[in-house]
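Data block below; observations after.
Chain identifiers are assigned alphabetically (A, B, ...) following the order of the sequence lines, protein sequences preceding nucleic acid strands; residue numbering begins at 1 within each chain.
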Protein chains: 2
Amino acid sequence: MKGVEEILQQHSLKNTKLRKAVLSVLMRSDKGLSHQDLSRSLEVDFDRVTLFRTLHVFEESGILHKIMDPHGIAKYAYTAKPVTGKHCHAHFICLECGQVFCLDEEFPLEEVKVPKGFSKKTIDVQIKGYCNKCAAQS
Amino acid sequence: MKGVEEILQQHSLKNTKLRKAVLSVLMRSDKGLSHQDLSRSLEVDFDRVTLFRTLHVFEESGILHKIMDPHGIAKYAYTAKPVTGKHCHAHFICLECGQVFCLDEEFPLEEVKVPKGFSKKTIDVQIKGYCNKCAAQS
DNA sequence: AACACAACGCAACAGAGTTGCATTTAAATT
DNA sequence: AATTTAAATGCAACTCTGTTGCGTTGTGTT
Ligand SMILES: [Mn+2]
Ligand SMILES: [Mn+2]
Ligand SMILES: [Zn+2]
Ligand SMILES: [Zn+2]
């Protein structure tokens, strides 16, 4: 597992307190985290706008990928293996607690048929249901 | 193709101007429409809150299904064949113009593997790329 | 140490969606 | 046709996510 500072350098991003903190939290998380989630769990002081901009930059750089939950809230997850566009792993979204999990399973984009003239770029698969904790309670 | 008033009756929903107008527009549309899209294309007078509530009610009744676009905007589409949960058709989302199209292709939920203790309810597949008009222009 | 540009903090803003409550209306009942 | 009632509506105020502009600070480089 690569170090936080090394990753920032590789993407020509300046090494700041917030960036290191955000990346550190997300690399340790097995779930996608929202702006609000991160606000709560970050130790350092920061401005909310700066966090939005940090997440954008990380997404554009391909360090994070963004998943939209059913309420339209963006969740971000660390991208361990770079997304090529040909393969995309699926996400599990809990209908009870809203948590987003990256699944191992991948879906092939080539096989999907689209109308004439349409060009495919990415495929995004969301499985919705109840996570282990929420399924146990109900 | 069933009539608008008939559908409302079957779901025990009162037959109002706005509901008839919304359903009528969406049944004719081959694309998912947002609150804003509908606001623009509806002929009748209505309050924006009422339209939000109308869309919620239609979704809960299974008359419409909701698709989240990459900007977190909800788009609604008429559900011709009722969704059983076992099958779910995919959606194409244009990265340029943001339009949402229902695709014919269906994906089987059973085959997807999820972690121990997780229970699956629905599968949601989004293909992103460029629609025929936007692909032609670039 | 000096420099340049990227990143930051702050304030103000935009837009989607929600909540509470009083008023109206569809549709059932008489 | 008049009465009744629960459902639907309209309005105002609000919450929350995300954005924009701009002056200030800080990282990385020379
Ligand atoms: Mn993921
Ligand atoms: Mn659809
Ligand atoms: Zn859960
Ligand atoms: Zn398009």
Side-chain angles (χ1 to χ4, degrees), chain A residues 3-24 32-61 63-76 93 98-100, chain B residues 3-24 32-61 63-76 93 98-100:
Chain A
V4 174
E5 283 151 32
E6 193 184 340
I7 294 175
L8 290 172
Q9 261 181 11
Q10 286 173 348
H11 290 86
S12 314
L13 297 174
K14 288 191 179 168
N15 217 311
T16 70
K17 274 195 299 270
L18 181 62
R19 284 179 176 173
K20 283 187 281 186
V22 168
L23 198 43
S24 174
L33 301 179
S34 66
H35 181 281
Q36 197 184 78
D37 295 335
L38 286 162
S39 296
R40 283 198 266 255
S41 63
L42 286 171
E43 306 278 316
V44 301
D45 253 15
F46 64 93
D47 184 80
R48 50 187 298 281
V49 177
T50 306
L51 178 54
F52 277 118
R53 291 200 262 239
T54 297
L55 293 171
H56 285 158
V57 167
F58 282 178
E59 193 200 354
E60 281 169 19
S61 307
I63 298 173
L64 300 183
H65 61 276
K66 179 180 171 183
I67 310 113
M68 275 294 170
D69 85 358
H71 299 292
I73 308 295
K75 308 246 172 156
Y76 293 87
I93 300 181
Q99 288 190 97
V100 172
Chain B
V4 173
E5 283 151 31
E6 194 184 339
I7 294 176
L8 290 172
Q9 261 181 12
Q10 286 173 348
H11 289 85
S12 314
L13 297 175
K14 289 190 178 168
N15 218 310
T16 68
K17 275 195 299 271
L18 180 61
R19 284 178 176 174
K20 283 188 281 186
V22 168
L23 198 43
S24 174
L33 301 180
S34 66
H35 182 281
Q36 198 184 83
D37 294 336
L38 285 161
S39 296
R40 284 197 266 257
S41 63
L42 286 171
E43 308 277 317
V44 300
D45 253 16
F46 65 94
D47 183 81
R48 50 187 296 284
V49 177
T50 306
L51 178 53
F52 276 118
R53 290 200 263 238
T54 297
L55 294 171
H56 286 159
V57 167
F58 282 179
E59 192 200 354
E60 280 168 20
S61 306
I63 298 174
L64 300 181
H65 60 276
K66 177 180 171 184
I67 310 113
M68 275 294 168
D69 86 356
H71 300 293
I73 308 295
K75 308 247 171 155
Y76 293 88
I93 301 181
Q99 288 189 95
V100 171

To the nearest 0.5 Å, what is the distance between [atom1] on [X] and [atom2] on [Y]?
{"X": "Ile67(B)", "Y": "Met68(A)", "atom1": "CD1", "atom2": "CE", "value": "15.0 Å"}
{"X": "Lys14(B)", "Y": "Arg19(B)", "atom1": "NZ", "atom2": "CZ", "value": "8.5 Å"}
{"X": "Leu55(A)", "Y": "Glu60(A)", "atom1": "CG", "atom2": "CD", "value": "11.5 Å"}
{"X": "Ser41(B)", "Y": "Gln36(B)", "atom1": "OG", "atom2": "CD", "value": "11.0 Å"}
{"X": "Thr54(A)", "Y": "Tyr76(A)", "atom1": "OG1", "atom2": "OH", "value": "10.5 Å"}
{"X": "His71(B)", "Y": "Ile93(B)", "atom1": "NE2", "atom2": "CD1", "value": "10.0 Å"}

Mind calculating the distance between [atom1] ([X]) and [atom2] ([N]) to the nearest angstrom?
{"X": "Leu55(B)", "N": "dG17(C)", "atom1": "CG", "atom2": "P", "answer": "9 Å"}
{"X": "Glu60(A)", "N": "dA6(C)", "atom1": "CD", "atom2": "C1'", "answer": "14 Å"}
{"X": "Leu8(B)", "N": "dA7(D)", "atom1": "CG", "atom2": "C1'", "answer": "14 Å"}
{"X": "Ile67(B)", "N": "dA16(C)", "atom1": "CD1", "atom2": "C1'", "answer": "17 Å"}
{"X": "Asp69(A)", "N": "dG17(C)", "atom1": "CG", "atom2": "C1'", "answer": "14 Å"}
{"X": "Leu18(B)", "N": "dA26(C)", "atom1": "CG", "atom2": "C1'", "answer": "14 Å"}
{"X": "Phe52(B)", "N": "dA13(D)", "atom1": "CZ", "atom2": "P", "answer": "18 Å"}
{"X": "Lys20(B)", "N": "dA27(C)", "atom1": "NZ", "atom2": "P", "answer": "8 Å"}

Looking for any heavy atom pair under 4.0 Å, which part of the strands does Val49(B) touch: base, sugar-phosphate only, or nothing? base
Report yes if the side chains of [X] and [Y] come closer than 4.5 Å at any heavy-atom pair, otherwise no.
{"X": "Thr50(A)", "Y": "Thr16(A)", "value": "no"}
{"X": "Asp47(A)", "Y": "Leu18(A)", "value": "no"}
{"X": "Lys75(B)", "Y": "Asp37(B)", "value": "yes"}

Do the side-chain N or O atoms of [X] get closer than 4.0 angstrom to the phosphate oxygens (OP1, OP2) of [N]?
{"X": "Arg53(A)", "N": "dC8(C)", "answer": "no"}
{"X": "His35(A)", "N": "dC16(D)", "answer": "no"}
{"X": "His56(B)", "N": "dT18(C)", "answer": "yes"}

Any protein N or O atoms within reach of nucleotides 13-15 of chain C? Criterion: under 3.5 Å, listing atom names and distances.
none

At under 4.0 Å between heavy atoms, how does the protein contact nucleotides 23-30 of chain D? Give one character per nucleotide, 5' to 3', with B, S or -. ---BBS--
Taking only the side-chain heavy atoms of Thr50(B) (C-beta and beyond), determine which of dT9(D), dG18(D), dT18(C) contains the nearest atom.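 Nearest to the side chain of Thr50(B) among the choices is dT9(D).
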